[in-house]
Protein chains: 2
Amino acid sequence: MASQFPLETRYWYLRDHQLFRHLNSAELRQICLITNFKTAKKSEIIYFAHDEQNRVYLLKKGIIKIVELDEDGTETVKDVLQKGDLFGQLTLDDTEMEEYAIALSDYVTCCSFLIEDFEEVIRQHPSLAIKFTKLIGMRFRRLENRYSNLMFKDVRTRLLLFLEDWAEKEGTVENNAIMLKNYLTHQDMAGLVCSTRQTVSQLFNEFKQHGLIDYNRSSIIIPDLKRLKSLVN
Amino acid sequence: MASQFPLETRYWYLRDHQLFRHLNSAELRQICLITNFKTAKKSEIIYFAHDEQNRVYLLKKGIIKIVELDEDGTETVKDVLQKGDLFGQLTLDDTEMEEYAIALSDYVTCCSFLIEDFEEVIRQHPSLAIKFTKLIGMRFRRLENRYSNLMFKDVRTRLLLFLEDWAEKEGTVENNAIMLKNYLTHQDMAGLVCSTRQTVSQLFNEFKQHGLIDYNRSSIIIPDLKRLKSLVN
DNA sequence: AGCCAAATGTCAGGAAGCCGACATTCGGGG
DNA sequence: CCCCGAATGTCGGCTTCCTGACATTTGGCT
């Protein structure tokens, strides 16, 4: 795996991340030595928690989904991550996790550290410590937000908020409408907003009938994001 | 406020927290200088987010509840915190929060830092950075856990899990049963497990009828914790 | 081109738990 | 000790959304 990447490439990959951007080249090369690189193509598994409970991951390129395994074998999409996001043992402890990550975009690259190594890096670069803490903090707030949505909003609203969020993050403008390249099934979205496949399917049709969105398996089009937002109660 | 506490007392309070325990006395005295101390008696507000979006708090003594304010004025108990727990702007950013904290035990003491000051402390004590990160991490996992409960378990199960958790954290053994000093109303508990006052009230009665618990306004008794646990599906 | 598994559409129960309404009980402050 | 507001008990209706079941469509693969 690692040998696919010449040192120079690894170096630039690291440097590209906001965590490491401020370090000088000697420091970066040092960190390079303890970094593991990995790639995957669409639909391939790039990370399986059960085998590597002791690594932190950084997504360098592409989009992945994190799928959680229930005790009884049920799989639920827990999160969709993008360039720059952290995953794996991001709390730097020994939490048991049953989850894996699958590439959603054509090419995915990520790097990882043993948590002991990563702690050492933090110890030696306090500024990095603060950046890391703030990244975890952002994740914390995002989860808080999802929790509060689940508590106070109905499924329709949660789904609308999800679309809104997605549109703002990845939407491209195409003749006056917002276009989303869709790499998620209704089942996936159901997991993300805490609902069921059938309900998501029904709501999508309802939204389509009302002209809120247009969609097929490969894309979602939002003609008027403002109108969509206004329906969020 | 601050003047209530002689320097020596403040020093020992700080030293008592796991974040600072490993620091030497010179370092601690330095940190003391930027620390703000506050106390409150039962039912008093000890923290109001709106006024102090830029401070991190450490609960030193006592028990508090964090109450979240909705846009429309609804109040929901979001968390119950104990000695050693963090609150306030714990992500060290500028997240808008509408919440406040109320003392649940007779005497509560907490200390706080401006986030800029706290960042500086972290910068100068990398080992503290790691401890802090891990504390946030624990909070993250706790929230993840609550989220997943809300997603997969029904109200009855969530309430049982809540009681189980509470018993293990604060329960005292009293002639072969577990006794909990109760400082929460059904309304409070409803907030914590994401349900309503009425449902919690009904379930409590049901549990009582089945001999699972006995309770009144001031205490909850669990004769057989194992049996209670076994009902969590 | 054609096949098959996966994804989507659709519908009719049914259950969980919210909501409003009201009665009852408790406990702290005057 | 009494009183009042807060906390708790209880109930029925109602809504939301899950569940299971089945039909239909789609797109990748051979």
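Convention: sequence-line order gives letters A, B, ...; per-chain numbering from 1.
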Is the positively charged end of Lys208(A) above the ring of Tyr215(A), judged by distance under 6.0 angstrom from the centroid and angle within 45° of the axis?
yes
Heavy-atom donor-acceptor pair, [X] side-chain to [N] base, under 3.5 Å:
X	N	answer
Arg217(B)	dT8(D)	no
Arg156(B)	dG17(C)	no
Gln202(B)	dG9(D)	no

Euclidean distance, atom [atom1] of residue [X] to atom [atom2] of [N] [Å, nearest integer]:
X	N	atom1	atom2	value
Ile213(B)	dT8(D)	CD1	P	12 Å
Met151(B)	dA16(C)	CE	C1'	17 Å
Phe207(B)	dG9(D)	CZ	C1'	16 Å
Arg197(A)	dA21(D)	CZ	P	14 Å
Glu206(B)	dC11(D)	CD	P	13 Å
Asp154(B)	dT16(D)	CG	C1'	16 Å
Phe204(B)	dA7(D)	CZ	P	15 Å
Leu184(A)	dA6(C)	CG	P	18 Å

So what does Asn205(A) hit on the nucleic acid, given a heavy-atom distance under 4.0 Å: a base, only sugar-phosphate, or nothing?
sugar-phosphate
By the 4.0 Å heavy-atom rule, please label Thr185(A) as base, sugar-phosphate, or nothing.
sugar-phosphate
Which residue, Thr196(A) or Asn216(A), contacts DNA chain D at a nucleotide closer to its 5' end, judged by nearest heavy atom?
Thr196(A)
Between Lys153(A) and Gln198(B), just flag the one whose closest nucleotide in DNA chain D comes earlier from the 5' side.
Gln198(B)
What I want to find out is whether Asp79(A) reaches Arg146(A) closely enough, with some N-O distance under 4.0 Å, to be called a salt bridge.
yes
Output yes when Asp16(A) and Lys83(A) qualify as a salt bridge under the 4.0 Å nitrogen-oxygen rule, no when they do not.
yes
Nearest to the side chain of Ser201(A), heavy atoms from C-beta on, is which of dG9(D), dG17(C), dT10(C)?
dT10(C)
With a cut-off of less than 4.0 Å, is there a side-chain N or O of [X] near OP1 or OP2 of [N]?
X	N	answer
His186(A)	dG9(C)	yes
Thr199(A)	dC17(D)	no
Tyr215(A)	dT26(D)	no

For residues Asn145(B) and Ser148(B), is any side-chain donor paired with an opposing acceptor at under 3.5 Å?
no
Compute the centroid of each ring, for Phe37(A) and then for Trp12(A), and state whether the two points are separated by less than 6.0 Å.
no
